[in-house]
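Before any comments, here is the structure.
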Amino acid sequence: MKLRARARRLLEHVDRWWITVPALLDTLFYDGNVAVRKKEIAKLVRGGFLRSFPLYENARYYALGPEASKLLALKPHTGKQGFGPSRTPKYAAILDHCLSVKGNLTLLKRNEFLQEFPELSEGLEGLQDRYVFELNEAGRPHRLATFVIDNRVKLTTLLTKLREVAIARDQNQAFQRLVDEDAFIVLVLTHNLDRADQIRSALGSPRTKKIRLPVEVSVCPLLERIVRDVRPNKK
């Protein structure tokens, strides 16, 4: 199957983010032409370049298929079952935050991060964190950010995860310098404003053990749809 330039760019987009959704494809590649997008995406799925999986209700997401590896040397990040109930919300939330909420943030591929910031990888080679540059008002890189996703877990579980992110970087002096320079942030992505307020209150509570990294909380609209029908956990 011969791929058009747009299809190749689309597959490279999925390779970077590991996941994509129709609404973003319409904006990024099809100028809102839903009919053309449906036709071309269906062709890529039939050809094995993309795989389609349930996201929420009748919505679906796409990941790379095996033919992307054969033709473009792009390695699929998931198998026939999709990413599963923990990784799907994570990747979808990061995608939504960077390209819908913020509009133009670029996620660093793992090899890009390791090549550009080898000093930040010392002692952290086994972590699968994802990184993005936040931009300032002039549109220039301002802070390096990583993510913790609130996938309807207990607040205590979420705070524990944040402490683990901080502890993993305690011995890395390059990370500590970034923190001292206000150039590193942990972004907690959650599903609605009430939950965001709960997280901020917990972070600011004198009863909460201090987390030694700057943390900000942002609401992710797509994540709300994904977790809407999940029974909320207790605090």
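Residues: numbered from 1 along the sequence shown. Remember, predicted model here, so these are calculated numbers, not experimental data.
Counting only heavy atoms from C-beta outward, the side chains of His142 and Leu135 never approach each other to under 4.5 Å. The shortest side-chain heavy-atom distance between Ile19 and Tyr62 does not fall under the 4.5 Å cut-off. Using a 4.5 Å heavy-atom threshold, the side chains of Val21 and Asp96 count as separate. The closest side-chain heavy-atom distance from Leu120 to Leu114 is not below 4.5 Å.
In terms of heavy-atom proximity, Leu64 sits nearest to Val14 at N-CG1, 3.7 Å. Nearest heavy-atom pair, Leu222 versus Leu55, reported as atom, atom and distance to 0.1 Å: CD1-CD2, 4.2 Å. Nearest heavy-atom pair, Arg130 versus Trp17, reported as atom, atom and distance to 0.1 Å: NH1-O, 3.3 Å. Across all their heavy atoms, Pro89 and Gly84 have their closest contact at CD-O, 4.1 Å. Taking both residues in full, the closest heavy atoms of Pro221 and Val101 are given as CD-CG2, 3.7 Å, listed atom of the first, atom of the second, then distance. The shortest non-hydrogen separation linking Phe147 to Cys98 is CZ-SG, 3.9 Å.
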>> Before you tell me yes or no, could you show the steps for Leu144 and Phe133 under side-chain contact (heavy atoms from CB on, under 4.5 Å), namely the whole-Å CA-CA distance, both residues' side-chain angles and the distance that decides it to 0.1 Å?
In response: CA-CA 5 Å; Leu144 185 69; Phe133 276 117; 4.0 Å; yes

>> Please evaluate residues Leu187 and Glu134 with respect to the criterion side-chain contact (heavy atoms from CB on, under 4.5 Å), reporting the C-alpha separation (whole Å), side-chain torsions for both, the decisive distance (0.1 Å), and the verdict.
In response: CA-CA 10 Å; Leu187 293 173; Glu134 285 197 317; 3.9 Å; yes

>> side-chain contact (heavy atoms from CB on, under 4.5 Å), that's the test. Do Ser100 and Leu24 meet it? Break it down for me.
In response: CA-CA 8 Å; Ser100 294; Leu24 272 175; 3.7 Å; yes

> Can you list the steps and then say if Asp150 with Val217 is a side-chain contact (heavy atoms from CB on, under 4.5 Å)?
Replying inline: CA-CA 10 Å; Asp150 174 28; Val217 185; over 6 Å; no

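For Pro214, the side chain to side chain contact (heavy atoms under 4.5 Å, CB included) partners two or more places apart in sequence, or in a different chain, are Val179, Ile185. Residues satisfying the side chain to side chain contact (heavy atoms under 4.5 Å, CB included) criterion with Thr27, sequence neighbours excluded, are absent altogether. Listed by chain and residue number, Phe175 satisfy the ring pair (Phe, Tyr, Trp, His ring centres under 6.0 Å) test with Phe184 (two or more places apart in sequence, or in another chain). In terms of the side-chain hydrogen bond (donor to acceptor under 3.5 Å, both in side chains) criterion, Asn172 has no residue partners (sequence neighbours excluded). Applying the side chain to side chain contact (heavy atoms under 4.5 Å, CB included) rule to Arg46 yields the partners Ala42, Lys43; only residues at least two apart in sequence or on another chain are considered. By the side-chain hydrogen bond (donor to acceptor under 3.5 Å, both in side chains) test, Glu216 is found to be paired with Arg143, residues two or more places apart in sequence or in another chain being considered. Remark: Ile211 engages Leu159, Leu162, Arg163, Ala166, Leu203, Val215 in a side chain to side chain contact (heavy atoms under 4.5 Å, CB included) (not counting sequence neighbours). Looking at residues two or more places apart in sequence or on another chain, you find a ring pair (Phe, Tyr, Trp, His ring centres under 6.0 Å) between Tyr131 and Phe113.
Taking a 6.0 Å sphere around NZ of Lys161, one finds it holds 12 or fewer heavy atoms contributed by other residues, nucleotides or ligands. Remark: Gln173 CD is loosely packed, at most 12 non-hydrogen atoms of other residues, nucleotides or ligands lying under 6.0 Å away. At most 12 heavy atoms of other shown residues, nucleotides or ligands fall within 6.0 angstrom of atom CG in Asp31. Open room surrounds CD on Gln81; 12 or fewer heavy atoms of other groups in view lie less than 6.0 Å from it.
A donor-acceptor pair is defined here as one N or O able to donate and one able to accept, closer than 3.5 Å; no such pair exists between the side chain of Asp26 and the backbone of Val34. Here the side chain of Asn151 pairs a donor or acceptor atom with the backbone of Pro85 at under 3.5 angstrom. Side chain of Arg51 to main chain of Ala63: no donor-acceptor pair is present (N/O by atom type, distance under 3.5 Å, no hydrogens or angles). One N or O on the side chain of Arg16 and one on the backbone of Leu107 form a donor-acceptor pair closer than 3.5 Å. The backbone N or O of Lys109 lies less than 3.5 Å from a partner atom in the side chain of Glu112, making a donor-acceptor pair. In terms of modelled atom types and a separation under 3.5 Å, the side chain of Thr157 and the main chain of Val153 share no donor-acceptor contact.
Here OH of Tyr30 is found 4.0 Å from CD1 of Ile41. Values are rounded to the nearest 0.5 Å. Note that CG of Leu10 and CZ of Arg37 are 10.5 Å apart. Values are rounded to the nearest 0.5 Å. Summarising the geometry, atom CG belonging to Leu189 is positioned 13.5 Å from atom CD belonging to Glu224; distances are rounded to the nearest 0.5 Å. Here Tyr91 contributes atom OH and Tyr61 contributes atom OH; the two are 10.0 Å apart, rounded to the nearest 0.5 Å.
Arg6 and Glu40 are joined by a salt bridge, as a carboxylate oxygen and a charged side-chain nitrogen come within less than 4.0 angstrom of each other. A salt bridge links Asp129 with Arg169; the closest basic N to acidic carboxylate O contact falls under 4.0 Å. A salt bridge between Asp180 and Arg177 is absent, with no side-chain N of the basic residue lying under 4.0 Å from a carboxylate O of the acidic one.
Tracing side-chain contacts under 4.5 Å through hydrophobic residues (I, L, V, M, F, W, Y), one never reaches Ile167 starting from Val148; they form parts of separate clusters. Linking Ile, Leu, Val, Met, Phe, Trp and Tyr residues whenever their side-chain heavy atoms come within less than 4.5 Å places Ile149 and Leu105 in a single cluster.
Here Val219 sits in one hydrophobic cluster together with Leu193; the rule is ILVMFWY side chains under 4.5 Å apart, joined directly or through other members.
Residue pairs meeting the ring-ring contact (aromatic ring centres under 6.0 Å, His included) criterion with at least one member in residues 188-224, sequence neighbours excluded, do not occur. Legend: side chain to side chain donor-acceptor pair (under 3.5 Å) pairs involving residues 202-211, not counting sequence neighbours: none detected. Counting only residues at least two apart or on different chains, the side chain to side chain donor-acceptor pair (under 3.5 Å) pairs with a member in residues 66-79 are Trp18-His77, Glu67-Lys70.
Relative ring orientation between Phe29 and His13 is described as perpendicular, the plane-to-plane angle rising above 60° on a 0-90° scale split at 30° and 60°.
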